[in-house]
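Only one structure is covered here, and it is reproduced in the block below.
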Amino acid sequence: MSTVAQKQGFLAVLWDYLTTVDHKKIAILYLISGGFFFLVGGIEAMIIRIQLAVPDNNFVSAGLYNEILTMHGTTMIFLAAMPLLFAFMNAVVPLQIGARDVAFPFLNSLGFWLFFFGGIFLNLSWFLGGAPDAGWTSYASLSITSEGHGIDFYVLGLQISGAGTLIAGINFLVTIINMRAPGMTYMRMPLFTWSTFVASALILFAFPPLTVGLFLMLFDRMFGANFFDVSMGGNTIIWEHLFWIFGHPEVYILILPAFGIFSEIFATFSRKRLFGYAAMVFATVLIGFLGFMVWAHHMFTVGLGPTANAIFAVATMAIAVPTGVKIFNWMLTMWGGSIVFTTPMLYAVAFIPSFTAGGVTGVMLASAAADYQYHDTYFVVAHFHYVIVGGVVLGLLAGTHFYWPKMFGTMLNEFLGKITFWLFLIGFHATFFVQHFLGLMGMPRRIWKFLDGQGLNLFNLISTIGAVFMAVAVLVLVYNIIITQIKNVRVGNDPWGDGRTLEWAIASPPPFYNFKQLPLVRGLDPYWIEKMEGNTKMTPAEPVGDIHMPNNSFIPFVMSLGLFIAAFGAMYQVDWRASDGESFVWAIPVLIIGLLITLGSMAVRSLKDDHGYHIHKEDLLKDDEGGRE
Amino acid sequence: MATQQSTSANPKVNYEYRRKKAAEEMRKHVTSFALMIFVTLIAFIMVLAGFDKTFVYPVLLALAALQVVLQLYYFMHMSHKGHGAAALFLYSGALVAFITILTFLTIVWW
């Protein structure tokens with residue numbers, strides 16, 4: 001196999017991406033599909049806001065509104081935010097720790113395709129009789145009585161994509177523990193790697209409860225079990241617990257990598273070492289631990305009793321402490337730095353007040369007694385959009401601008417980037433700030449329409465106008481991406497000029513083997529250290545030698561496709577909930593065929609040895625003489 | 001783990017030293033094996049003797065936990081160097097599981 005890139009036709013490129021095990025290409029796949037689902041979720045959000053723009057509106061029907069609202073939440077969390085974070089983790093983390101790939105390249109590909117097919121399955125519900133309609137939390141007493149197949153799509157789709165996420169999380173844990181370059185100790189890892197590490201640990205512990213909950217729901221809905229059916233001796237509260245034991249760590253799975261991206265951006269564009277690095281690491285780990293001890297704060301009004309409520313309230317408030325440590329460390333990183341206001345830095349600076357506002361309302365919601373007032377009002381909606389949009393989405397947009405050159409070798413237009421930023425920031429605050437007051441005025445969340453003369457008109461209209469600003473901002477970003485890729489102006493390894501970590505020490509995009517020689521890491525921000533000593537390159541830790549690479553494989557795609565097919569069989573095998581009472585004889589065979597495809601491809605993978613291949617030293621040296629591209 | 005294997009296979013490492021280490025390891029194995037048999041005996045006797053259930057259940061659980069710890073440390077090599085990450089994740093997982101079970105026992109089922 002030659003290392004010299006050749007001009008390829010469209011089909012060859014497509015085949016390459018379908019079979020790739022390269023973390024950089026998988027990152028691009030995550031970015032494209034996560035971006036696609038982000039647009040889908042965004043359209044759903046716009047429909048919600050149009051429906052609520054004026055009182056007593058009839059833009060969508062009540063049933064369709066419930067479906068759109070459910071799918072907006074589910075899509076944004078599971079199919080947009082997480083994959084987009086995985087895109088940056090895949091693109092950057094192996095480079096930041098000086099590795100040639102993740103620990104299990106094959107599993108990396110499998111994780112992506114499972115997520116992808118799960119997401120497609122979930123969204124096919126729109127065309128196959130109606131989407132899930134019990135909210136993204138899908139509380140059991142509501143969802144087991146939901147008619148049609150909507151909830152079945154939710155359960156099976158999330159089960160498949162959740163397996164992919166779990167695989168991806170384990171892969172990053174193993175990668176970060178085992179594949180760090182010589183000298184890259186734990187306390188020299190960049191903050192983005194650290195937050196990926198902690199987020200992956202949270203995935204490892206948080207996704208199994210979701211899997212269990214979904215399995216119980218699956219058996220209740222499709223195989224006649226009664227885990228959640230109170231009239232049959234079940235307990236509907238168990239779903240709520242299982243969901244939130246997963247669901248609360250999930251929000252930290254989302255926000256911690258965003259914290260990591262911002263930490264990199266603050267240090268880079270303040271041209272200073274991150275203030276309080278050790279405290280930042282400690283705070284990240286502490287947030288991870290505390291994240292598992294607070295889930296019942298989503299259930300204060302369930303009636304857990306004052307003791308349980310008090311314990312979970314105090315634990316929740318405790319999380320504000322490590323988060324506050326991080327906020328102050330970012331501000332002190334900027335203090336006295338020589339700051340450059342690039343687009344990523346603008347996002348980072350705007351993130352601090354936006355996220356802090358969301359954090360403060362979080363502490364308000366954490367006091368159990370007051371929560372009885374806030375519960376299920378727009379105040380809660382405002383709170384979690386302030387942390388998720390003001391934290392995670394700003395982080396994703398910042399990361400898109402910051403890491404775009406490393407992923408694609410081109411630089412997004414800064415002027416358009418700043419337009420996106422301002423439109424998005426203004427739109428975001430206009431949309432969600434007024435929702436605090438709507439909530440305090442008593443507007444319930446998930447409501448289809450509100451009536452005139454209740455004082456809710458003005459703020460709802462402002463909120464919708466804000467949403468239009470955000471939509472325009474996203475369109476400008478898409479336009480920016482398209483013209484940037486058409487112009488295709490190539491950039492060097494360190495286009496921001498102030499890169500501190502290892503990923504900026506190699507070409508953009510990096511060669512498929514990443515590092516010809518593994519770098520020697522001599523401290524925190526290793527590339528910065530070399531720059532300060534006048535070196536243009538990292539000091540190598542090994543002589544040039546053969547590099548062992550994994551072969552591409554189509555098996556992950558087939559394995560995931562099998563589960564996708566099997567899910568249809570599982571869903572239609574008993575159709576006793578369908579309103580028209582249809583039954584399908586093909587369902588069981590389809591279930592079996594799907595599972596056979598998955599098990600068969602697993603068998604092929606296990607029985608057929610795939611030792612990969614070597615890039616020879618001579619070819620590597622040839623690359624140096626400009627043989628590449 | 002990789003470093004552990006390479007040092008023990010290193011011919012430069014003193015043969016006598018390695019022998020002594022192996023003997024120590026063996027002694028620990030045998031001791032903990034005997035201890036585990038003893039603990040199992042206690043468990044059986046407790047049940048056979050028909051003690052009060054409120055006494056037997058917690059003691060049985062405690063003995064089971066002891067068995068797991070002995071197994072992990074003396075037979076699955078967690079006492080060796082380089083198992084810090086595994087231990088951290090094991091204990092974190094156990095903690096999360098414990099909190100979950102505790103919550104279910106205290107506020108869901110009772």
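All values derive from a computational prediction rather than experimental measurement. First the proteins, then the strands, lettered A, B, ... as listed; each starts at 1.
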### Donor-acceptor contact present, side-chain A:Gln517 to main-chain A:Glu542, <3.5 Å
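Present.
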
### Task
Give the member of B:Ala85, B:Ala97, B:Gly93 that has the highest number of heavy-atom pairs under 4.5 Å with chain A.
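Going by pairs under 4.5 Å, I would pick B:Gly93.
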
Compute the centroid of each ring, for [X] and then for [Y], and state whether the two points are separated by less than 6.0 Å.
X        : Y        : value
A:Phe207 : A:Phe246 : yes
B:Phe104 : A:His241 : yes
B:His29  : B:Tyr74  : no

### Message
Heavy-atom pairs under 4.5 Å with chain B - which of A:Phe289, A:Phe205, A:Phe292 has more of them than the others?
### Response
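Option with the top pair count is A:Phe205.
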
### Query
What residue, out of A:Leu304, A:Leu204, A:Leu242, has the most heavy-atom pairs lying under 4.5 Å from chain B?
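Among A:Leu304, A:Leu204, A:Leu242, the one with the most close pairs to chain B is A:Leu304.
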
#### Entry: Segment of B:Ser92 engaging chain A (4.5 angstrom heavy-atom cut-off)
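Contact with chain A: backbone and side chain both.
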
